[in-house]
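What follows is a short report on a single structure.
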Amino acid sequence: MLDRALLRDPDGQARLRDALARRGEDPAVVDQLVELDRERRALIREVDELRTRRNQVSREIAGLKASGKHEEAEQRIAESQELGERLKSLEARRRELEEAFEKAWLLIPNIPHETVPVGPDETANVVVRTWGEPTTFDFEPRPHWELGELLGILDFDSARNMSGSRFVTYRGLGARLERALIQFFLDVHTREHGYTEIFPPILVREEALVASGHLPKFREEMYHMPADDLYLIPTAEASLANLHRDQILDEQQLPLHYTAYTPCFRREAGAYGKDVRGMIRVHQFNKVELFKFTLPEQSYEELERMLQHAETILQRLGIPYRVVALSTGDLGFAAAKTYDIEAWAPGQKRWLEVSSVSNTEAFQARRARTRVRRADGTVEYVHTLNGSGLATPRTFIALLENFQQPDGSVIIPDVLRPYMDGLERLTPEAKPTRS
RNA sequence: GGAGGGGUGGCCGAGUGGUCGAAGGCGGCGGCUUGCUAAGCCGUAGCCCUGGGGAAACCGGGGCCGAGGGUUCGAAUCCCUCCCCCUCCGCCA
């Protein structure tokens with residue numbers, strides 16, 4: 001959510017129109033919002049004036065009653081009654097306007113940072129840097145779904161049976177490798193990057209998702225549990241953004257760095273027919289998230305650091321990747337600036353997004369009412385940042401596809417071996433043990 | 001799931017319809033005073049919305065006693081719904 005003060009002067013309105021245009025959205029809504037806000041404030045003023053009078057009369061009544069002047073009191077009561085009736089209808093109208101404004105305002109996306117490349121969609125994204133060389137093979141590399149089945153570590157059939165398409169069962173050393181990845185990520189971020197580990201609730205209320213920016217905009221993406229009116233989180237970001245909701249933090253507390261492993265749940269409602277093979281796009285996946293609360297003036301340097309923290313993981317694993325700055329047309333709803341990290345998947349000869357690192361500036365903080373009290377006593381919104389560090393399925397994919405051998409076996413990266421009892425290689429012969 | 005008890009300012013806590021600025025204490029901040037690991041005295045105070053052409057300062061109005069409605073001339077105080085916490089019972093990983 002943006003500062004509504006933007007609507008009150010021509011400069012702010014122009015910024016807003018420009019922001020929407022850069023994102024490829026219709027700037028015309030700004031005029032409606034300006035008008036709605038004007039009406040809203042006019043009504044607030046009217047209601048407040050009436051209340052001022054009623055408060056005055058009310059005080060007089062109390063005084064008159066206390067001094068036994070009942071007849072005069074009766075007169076004032078009649079007056080107050082009349083004020084009350086007028087107030088009632090005005091207040092109802094005011095509520096309607098507030099709600100209408102709020103509803104529309106919650107759907108306005110963040111303003112892209114000035115450094116974000118302008119363009120209509122992902123084709124305008126800019127590759128910032130590439131790390132490593134795309135892996136080459138002297139044989140035709142297999143895609144991960146073939147490797148997974150061959151190694152007996154990914155079982156798409158059983159997942160389809162129990163849950164439908166876009167689910168996956170990890171089995172044997174596959175399940176072990178998944179767990180190793182999660183633990184490796186968390187260990188690096190907590191031990192070396194200074195993040196505090198969190199394991200948050202995975203079912204959250206609507207208001208939590210409004211605060212994180214996922215609702216009301218992305219309702220179709222969300223799994224909802226009607227019996228208790230709770231939602232499965234689409235990312236740990238949704239939970240972590242609520243860690244300090246309705247709080248005023250002390251300046252010295254910032255920045256706060258959190259990391260959390262959680263499963264994530266997405267309906268992928270708009271992705272019919274896209275990435276259906278394998279586990280590139282699944283309804284349930286694991287992710288280790290990074291999240292920061294920072295002072296406004298520090299958020300962009302913290303964004304670069306967070307990006308480095310995520311890149312570190314791929315470097316340690318030895319997986320080639322590139323960093324992409326998203327263009328205005330590809331930017332997420334809540335983000336002011338986003339870098340994606342894309343790992344090379346040679347089995348499919350494509351780049352796969354394994355991490356998305358964003359600065360939402362005050363967009364989430366305003367929704368969550370997370371503020372900071374400066375040394376001089378002033379209060380303002382903090383900035384929040386989020387990033388994947390990393391999402392496992394696609395990292396798992398990149399690992400299999402990059403380190404595969406002609407016989408279908410896969411070399412396990414050094415850094416993961418301690419988590420795999422020293423195992424160096426997954427081999428097709430390694431049949432899963434019955435449990 | 002059943003029964004009961006609660007949610008008041010950073011914290012503790014009083015307050016059951018009227019003089020509004022929510023008692024008091026702790027803690028915070030400012031000041032004064034006394035030199036003795038600190039005490040005493042005085043003062044001050046939050047957040048949100050909104051107005052005074054914009055910004056800062058400043059000044060004003062409204063709102064905030066878990067949330068939202070309602071009753072009433074007037075609600076922290078009465079009623080309803082929801083949320084949260086606690087205790088006991090039941091069930092359960």
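Hydrogens, waters and symmetry mates play no part in the numbers below; they use all other heavy atoms, side chains included. The structure presented is a predicted model; accordingly, all values stated were derived computationally and were not measured. In what follows, chains are A, B, ... by sequence order, proteins preceding strands, each numbered from 1.
Remark: U16(B) base-pairs with no nucleotide in the shown strands. Criterion, Watson-Crick or G-U wobble with two distances under 3.5 Å. The nucleotide G21(B) finds no pairing partner, because no Watson-Crick or G-U wobble arrangement with both distances shorter than 3.5 Å includes it. Pairing partner, G60(B): U50(B), with both Watson-Crick or wobble hydrogen-bond distances short of 3.5 Å. With a 3.5 Å ceiling on both atom-pair distances, the Watson-Crick or G-U wobble partner of U87(B) is A3(B). G68(B) is paired with C80(B) under the Watson-Crick or G-U wobble criterion, all donor-acceptor distances under 3.5 Å. Pairing for C41(B) is with G31(B), a Watson-Crick or G-U wobble pair whose two hydrogen-bonding atom distances lie under 3.5 Å.
Heavy atoms of Arg205(A) sit under 4.0 angstrom from primed sugar atoms or phosphate atoms, though from no base atom. Within the 4.0 angstrom heavy-atom criterion, only backbone atoms of the sugar-phosphate kind lie near Arg373(A); the bases stay farther away. When heavy atoms are screened at a 4.0 angstrom cut-off, Asp11(A) is found touching no nucleic acid atom at all. Using a 4.0 Å heavy-atom criterion, one finds that Arg40(A) contacts the sugar-phosphate atoms exclusively. No engagement by Leu83(A) is indicated, since no non-hydrogen atom pair under 4.0 Å with the nucleic acid exists.
Just one of Leu385(A), Thr338(A), Thr384(A) meets the side-chain contact (heavy atoms from CB on, under 4.5 Å) condition when paired with Thr360(A); it is Thr384(A). Each of Asn242(A), Leu215(A), Val210(A) was evaluated against Arg367(A); a single residue qualifies, Val210(A), per the side-chain contact (heavy atoms from CB on, under 4.5 Å) test.
Distances shown here put every side-chain N or O of Arg8(A) at or beyond 4.0 Å from the OP1 or OP2 atom of G54(B).
Spacing between atom CG of Leu50(A) and atom C1' of G63(B) amounts to 15 Å, rounded to whole angstrom units. The distance from atom CD of Glu99(A) to atom C1' of A67(B) is 14 Å, rounded to the nearest whole Å. As rounded to whole Å, 14 Å separates atom C1' of C82(B) from atom CD of Glu206(A).
Of the candidates G62(B), U71(B), C47(B), the closest approach to any side-chain atom of Asp48(A) belongs to G62(B).
Heavy-atom nearest nucleotides on RNA chain B were determined for Thr52(A) and for Arg371(A), and the one closer to the 5' end corresponds to Arg371(A).
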